[in-house]
Amino acid sequence: RAKGDGRKRHHVYEENSKYDHVENFIHELELSHAVDRGELALHYQLIYCPISNTTVGAEALLRWNRTDHDVVPPSAFIPVAEATGLIVPIGYWVIRQASQDWHQFRNKYGSSFKVSVNISKIQLIEPDFVDRLIRILENENVTPQAMELEITESIVIHDVRDVQEKLKQLRAAGFTIALDDFGTGYSSLSMLTLLPIDKLKIDRSFIQNRNESLLSAMMLIAKALDLLVIAEGVENASQFDMLKAMNCWGLQGYYINRPIELSQLPDISYKRV
Ligand code: C2E
Ligand code: MG
Ligand code: MG
Ligand code: MG
């Protein structure tokens, strides 16, 4: 267990009545062994750029192959991992694994390929997060330019100055920052002035509604702020064509590929006409 997180656990459980306490307790016990038992795995979803017709990156999505269970989806264990502080050691495992995997990605897709990793607020507020992240990449022989960090706007529930300072340090070191699930929070627009970021990942709800006027508006805002846009949840050809016609920089979703193991990804960039 990560140091100093015992207090938060009870706090979060009390507030979150939607979680079943017993179920969570069992997950928690088992999750604390998941790294040691080798039960965690990363699946990847490619990010395709229709402008350059290349695969520009992939997002790492965590999977827990719990012994004697079906695969546990992130929605069932990430909240437990965050509430207990276990997300800290698990998060470092994800970063190390993604760094190791990058070498294979580079062989398949070229050296400008970026691997994206989701970072929760609990991880970012660790005092030595930036140093440890840099050290892990150094050990794996990966430059920060090869990694993108995905954060959500819920990150500013914590000390905004601390978050701003950390993100600045990370960008100065060479990491890029993407704001995930953009448009779903309460104050998405003010986040754009608060947080130093490089990319916007538009939440899949906007792609699935095919809300073209809202999507164009978001892309205009992104352009004005010099941010690249990635559309999440591209599920079919009509969504793909619409976004391509809008000059969206990056496309991600089941239509490109479902999250799968690295070994199952195609050897060359997707080429769609
Ligand atoms: P996210 O970062 O927004 O990741 C995108 C989610 O959308 C993934 O769900 C992905 O499988 C799903 N998705 C992708 N394309 C499509 C599509 O075309 N249609 C639909 N309906 N869904 C699509 P997943 O893998 O269940 O992950 C859920 C969330 O769990 C992630 O949302 C992220 O917030 C969190 N998560 C996953 N891995 C990690 C991790 O390593 N660390 C942390 N802190 N959070 C993680
Ligand atoms: Mg993400
Ligand atoms: Mg997302
Ligand atoms: Mg999401």
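Counting starts at 1 for both ligands and their atoms, following the listed order. For the numbers below, each heavy atom of this structure counts, side chains included, while hydrogens, waters and symmetry mates do not.
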Consider ligand 1: state whether an atom of it lies below 4.0 angstrom from any non-hydrogen atom of [X].
X	result
E82	no
G233	yes
R63	yes
P259	yes

### Message
Looking only at distances, can you tell me whether any N or O atom of N118, backbone or side chain, sits closer than 3.5 Å to an N or O atom of ligand 1?
### Response
yes
### Query
Should Y254 be counted as touching ligand 1, given the test is an N or O pair under 3.5 Å?
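Yes, since at least one N or O of Y254 sits under 3.5 Å from an N or O of ligand 1.
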### Query
So, E59 and the Mg ion (ligand 2): N/O/S under 2.8 Å, yes or no?
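An N, O or S atom of E59 is closer than 2.8 Å to the Mg ion (ligand 2), so yes.
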### Task
Specify whether an N/O/S atom of S116 falls short of 2.8 Å from the Mg ion (ligand 2).
no
Go through ligand 1 atom by atom and flag the ones less than 4.0 Å from a non-hydrogen atom of [X].
X	result
V94	41 (O)
D180	1 (P), 2 (O), 3 (O)
Q123	44 (N)
I78	39 (C), 43 (C), 45 (N), 46 (C)
S120	44 (N)

### Message
Take a 6.0 Å sphere around CG of D128 and say whether it holds more than 12 heavy atoms from other residues, nucleotides or ligands.
### Response
yes
### Query
So with a 6.0 Å cut-off around CG of D70, is the heavy-atom count from everything else above 12?
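12 or below, so no.
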Under-4.0 Å heavy-atom contact with ligand 1, by part of [X] that carries it:
X	result
Q45	side chain
T152	neither
L62	both

Just go through [options] and tell me whose heavy atom is the nearest to [atom].
atom	options	value
atom 5 (C) of ligand 1	R258, E235, E232	E232
atom 4 (O) of ligand 1	L61, L42, T184	L61
atom 3 (O) of ligand 1	V117, N257, D181	D181

### Query
Hey, what do you get for CE (M242) to CD (E212), rounding to the nearest 0.5 Å?
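Answer rounded to 0.5 Å: 5.5 Å.
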#### Entry: From I230 atom CD1 to F182 atom CZ, the distance as rounded to the nearest 0.5 Å
13.5 Å
#### Entry: Connected via hydrophobic side-chain network under 4.5 Å: I78 and V71
no
### Message
Hydrophobic clustering (ILVMFWY, side-chain heavy atoms < 4.5 Å, transitive) - are L149 and V160 grouped together?
### Response
yes
Quick check: of its N, O or S atoms, which one does [X] have closest to the Mg ion (ligand 3)?
X	value
E232	OE2
D181	OD1
D180	OD1

Output yes when [X] and [Y] qualify as a salt bridge under the 4.0 Å nitrogen-oxygen rule, no when they do not.
X	Y	result
D131	R135	no
K199	E150	no
E39	R66	no
K201	E59	yes

### Query
Would you say the side-chain atoms of R106 and S112 include a donor-acceptor pair closer than 3.5 Å?
no
### Task
Indicate whether any N or O donor in one side chain lies under 3.5 Å from an N or O acceptor in the other, for Q45 and Q252.
yes
### Query
Of all the N, O or S atoms in E150, which one sits nearest to the Mg ion (ligand 2)?
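Answer by atom name: OE1.
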### Task
Assess whether side chain to side chain donor-acceptor pair (under 3.5 Å) is satisfied between D101 and Y44, documenting all intermediate values.
CA-CA 10 Å; D101 289 347; Y44 287 100; 2.7 Å; yes
#### Entry: Verdict with reasoning, L227 to L192, per side chain to side chain contact (heavy atoms under 4.5 Å, CB included)
CA-CA 10 Å; L227 304 170; L192 299 182; 4.2 Å; yes
